[in-house]
Structures are given as structure tokens and as C-alpha cells.
Amino acid sequence: MGINRHTESAGIAVVTVDYPPVNAIPSDGWFALADEIRAAGRDPEIRVVVLRAENRGFNAGVDIKEMQRTPGHQALIDANHGCFEAFAAVYDCPVPVIAAVQGFCLGGGIGLVGNSDIIIASEDATFGLPEVDRGALGAATHLARLVPQHLMRALFFTASAATAQQLHHFGSVLKVVPRDELDAAALEVAKDIAAKDGRVIRAAKRALNGIDVQDVHRSYRFEQGFTFELNLSGASDEIRERFDADLAAQKDKN
């Protein structure tokens, strides 16, 4: 359990997220993820990184239970800093990062995927930011890299999700494949990149980041400020408590 990294074949590093059952990542997990991606990028033999996950879905965001059981705001601060570091590690990785997404990709998962270079998704993959239902904000910066502006706003305000097929239509998902073919599909693209000259690939990554119209680091940090504001006001705790109560009521009905 945790974050694991291995070399799949020449030039390809695979970083796996494994926090069962839903990959809700604790604060230290986000920092660990950033460390593993950065370590892969520092290896001169690596030309591409595949970011994948075990369990039911790719990512369920931050571990809200960790925040609820920790007094004060330190857990929130650690989670926000951890997410910032992990998202930045993906974006700033010296080589391309391919995200292999299965099932749900929520909250912080959108930050990882939105900052990646290539996305391969399983047929059952969905992408969304349920932040407004959790008393938080963030990662609209990254969702805006996946869907057009007005759809991003609609998804954000309604806490709805987009399908892999929709994102493929918009060109942000390269391939949609059956779930049992996801890893193979991601590695197929990775092998194509790994066959290139590493010097060119690394220069190309720097060049493409350099011409981005959006400063993703500054934009995401701006969003985080409103999350802190909502928590300081007490609104976030009230909303999370209602959310927990609703979940408990649903379990009782079942």
C-alpha cells in the first residue's frame, strides 16, 4: 500500500498509487507521490513516466476523514501543500507523464490528470470535481485543461462528472479502452515515446511547458486561497458534517 515506482522497460518508469479501497490519498501520500515522480524524472535513462493506480478507481482525492479527525487546520494545510507538490511534480516532470485512468477520477485526481501530458482511460472512467459538495474549491485550473470553459463551469457548479468518451471527443483523452486493456494501452504509447532520443524528448517537454498560456501553479494556488477561506469561516466543516450525515442515513436505509 502507498506509492510504488518501478522501471517497466528501457526508458519507462511506472508510478502506482495504491491506497485501498478508493485511493483517497492522505497528506503524506501526496508528498510521496511527488517524490516518486521527481525521482523518475531525474533518472537520465527515463524518457516517459506512466502514472497508474490499483483499486476501484484512479483517485478519490484527498482523505477527508484525515481532516475530520485532526484538530485545527494542520491537516488541511498539509493536504493542500501535498496536492500542490504532486500536481507540480507531474507538470514539471522533465519527461512526459502518461496518466492511465480507470473508474472514478475525482478531486485531486483531476489535478494529476489535468497536469499530465497524455491520458489513456478505461471505458468506465469518469472525471469530476465534487468540491462544492465537500466545502472546498480547487483543481478547476486542471479541469479547464480537459474540457471547454463553459462545460468546466457546469461540471464544477453541479459537482457532476464527465465520461471518458466525452473527454475523448474533446481530444484530452487520447484513447478509451476496456478496463483490462488499460495498462497495455498506456505502455504502448509509453514505448513509442521511450524509443525516441531522450535529449529531444526532455527538450520538447520544456518547450511545451514554456508556451502554455496558463501558469498552472499560480492559478491553482489562487484557488486554494478560497478553500482556506471556506474552512476558516466554518462553512467547510458544516458541509462535511452534512455530507457525513447523509452518507450515514443512506447506509441505514440500505
Is there a salt bridge (charged side-chain N to carboxylate O under 4.0 Å, His left out) between E54 and R52 once you walk through the steps? CA-CA 7 Å; E54 294 290 343; R52 63 177 299 279; 3.0 Å; yes
Please confirm whether the backbone N or O of G2 pairs with a side-chain atom of D18, one donor and one acceptor, at under 3.5 Å? no
Under 3.5 Å, is there a donor-acceptor pair between the side chain of Q214 and the main chain of T141? no
Looking at N231 and S236, would you say the former's side chain and the latter's main chain have a donor-acceptor pair under 3.5 Å? no
Would you find a donor on one side and an acceptor on the other, under 3.5 Å apart, between the side chain of R145 and the backbone of G114? yes
Heavy atoms from other residues, nucleotides or ligands near CZ of R179 exceed 12 (cutoff 6.0 Å): yes
Name the orientation class of the two ring planes belonging to F84 and Y220 (parallel below 30°, tilted from 30 to 60°, perpendicular beyond 60°). parallel
Got more than 12 heavy atoms from elsewhere within 6.0 Å of CZ, F222? no
Would you say H150 has more than 12 foreign heavy atoms packed within less than 6.0 Å of its NE2? no
Are R221 and D215 within salt-bridge range, i.e. N to O under 4.0 Å? no
Test log, rule salt bridge (charged side-chain N to carboxylate O under 4.0 Å, His left out), inputs R206 and D92: CA-CA 8 Å; R206 291 197 303 272; D92 294 329; over 6 Å; no
The test is salt bridge (charged side-chain N to carboxylate O under 4.0 Å, His left out); show your working for K65 and D63 and say whether it passes. CA-CA 5 Å; K65 292 180 180 178; D63 186 350; over 6 Å; no
N/O donor-acceptor pair under 3.5 Å between S219 side chain and V216 backbone: no
Quick one: are V49 and P96 in side-chain contact, heavy atoms under 4.5 Å? no
Determine the sole option in L51, L112, N55 for which the side-chain contact (heavy atoms from CB on, under 4.5 Å) test with V17 is passed. L51
Salt bridge K175-E188, side-chain N to carboxylate O under 4.0 Å: yes
Short side-chain donor-acceptor distance under 3.5 Å, E66 and S27: yes
Can we say E85 and R38 salt-bridge, meaning some charged N sits less than 4.0 Å from an Asp/Glu carboxylate O? yes
Do the two ring centres, one from Y91 and one from H217, sit under 6.0 Å apart? yes
